[in-house]
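Structure first, commentary second.
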Amino acid sequence: MKGTIIYYGGFSLPDKNAAANRVVSNGKIFRDLGYRVIFLGADYDDNSYSGIKRINDEMVCEAHSSGVVQWVKQLLFFSNLKSLVKNEAETSLVILYNVPFITLVLAKLFLNARGIEVAYDCTEWTQVTDGSVIKRIFKYVDELFIRRLMHLVADKVIVISDKMLEAYKKNKKLIKLPPLVDLSQEMWHQSVEKNKGEYTFCFAGFPDGNKDYIDVVVKAFSLLECDNTKLNIVGITKEQFKELYSDIKLSENIEFLGKVSHNESIKQILLCDCYVFIRPSDRRNNAGFPTKFVESFTCGGKIITTDVSDVKKFADDDCLILDSTELSLLQNAMRNVINKKDVSKEKKLRDTFDYKNYIDKTQHWLD
């Protein structure tokens, strides 16, 4: 064993959000390279305890902060991370996942004093947050510091897109890792039975800070009026959708599946003929990289999406990349894929984003 790498941040273990899926996949690279990996994430379901709660041998979590005082304490003191570092004598690297800039600065002082390098895994530049006015002002300022200064503080940097790669190029210990998957997992090999003759679209996700235009997807489909078509929406219920978009008339061929497990979400993507998601081309979306694209591309079906981030660099002939979020563009694209009638085409998994393809690159970064 080469030592221990600790991954710390607001991811919901073991696989409850895209952040958790990212860090766990990255962790598999480090494990294959001979390191012990420990994840310290956030518990969003239970904030009644102090200290850490163990999920399994390599995953622990701390209660997500409730209230301003607890939030400030976590920002400035990150006591659970400090305890974990002190208990793990072989720690050689701590990776901070999207933590605030002030936490990065203070953690570097603490870790470097113990001979431990600090890396920063940056997957977003966003000023969007929930909570009080204080939190929203803090987030606005923090995003500026992360975007402009983070790479000058962190010893090593992991980024998710070419836009970030260019922004942080002054840091010479820099690596780009898109969201990755482990193709050996059973969820990618689930057997699915499709309703023959029916063309199925799928969207998976929950409206989050106006990142995804789920309303445009629903509108476009509802206006199609094509026979034997269906739209499955994963992540939100019909009631939740109506509360957010009360003015949209829904087609009878839309099924809202609500929040499901990651396994079931992948099953729905495998089941559909075409996965569709629409995002505006803004700084936030171009700096990040859509996990939705990675999962749907891996599943092997058709994809309709917009030209954001590095999507065009990975897209193949089964990907329809739209120039904008315009409703008519999406409608035409949906009609085109229906008319081509590729429903009988057998899907084949793509290994582009399998974590094993990034082991050698990561080895070089660590060295």
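- The existence of a salt bridge linking K163 and D310 is excluded, since no basic side-chain nitrogen approaches an acidic carboxylate oxygen closer than 4.0 Å.
- A 4.5 Å side-chain heavy-atom check between D367 and H364 finds every atom pair outside the cut-off.
- Between C319 and T305 there is no side-chain heavy-atom pair separated by less than 4.5 Å.
- Salt-bridge check for R284 with D282: failed, with every basic side-chain N at 4.0 Å or more from each acidic carboxylate O.
- Using a 4.0 Å cut-off between charged nitrogen and carboxylate oxygen, K211 and E124 do not count as a salt-bridge pair.
- The residues K53 and D45 are annotated as not salt-bridged, no charged nitrogen and carboxylate oxygen being separated by less than 4.0 angstrom.
- In terms of heavy-atom proximity, L330 sits nearest to L322 at CA-CD1, 3.8 Å.
- Between E90 and R36, none of the side-chain N atoms (NZ, or NE/NH1/NH2) sits under 4.0 Å from a carboxylate O, so this pair counts as no salt bridge.
- Under the ring-ring contact (aromatic ring centres under 6.0 Å, His included) test applied with F314, the options F293, F297, F353 reduce to a single match, F353.
- A side-chain N or O of S281 and one of N286 form a donor-acceptor pair less than 3.5 Å apart.
- Ionic pairing of K169 and E166 is present here: one or more N-O contacts between side-chain nitrogen and carboxylate oxygen are shorter than 4.0 angstrom.
- Residues D43 and Y49 form a side-chain contact, since some pair of their non-hydrogen atoms from C-beta on lies under 4.5 Å apart.
- Between Y120 and I146, some side-chain heavy-atom pair lies under the 4.5 Å cut-off.
- Within 6.0 Å of CD1 in I134 there are 12 or fewer heavy atoms belonging to other residues, nucleotides or ligands.
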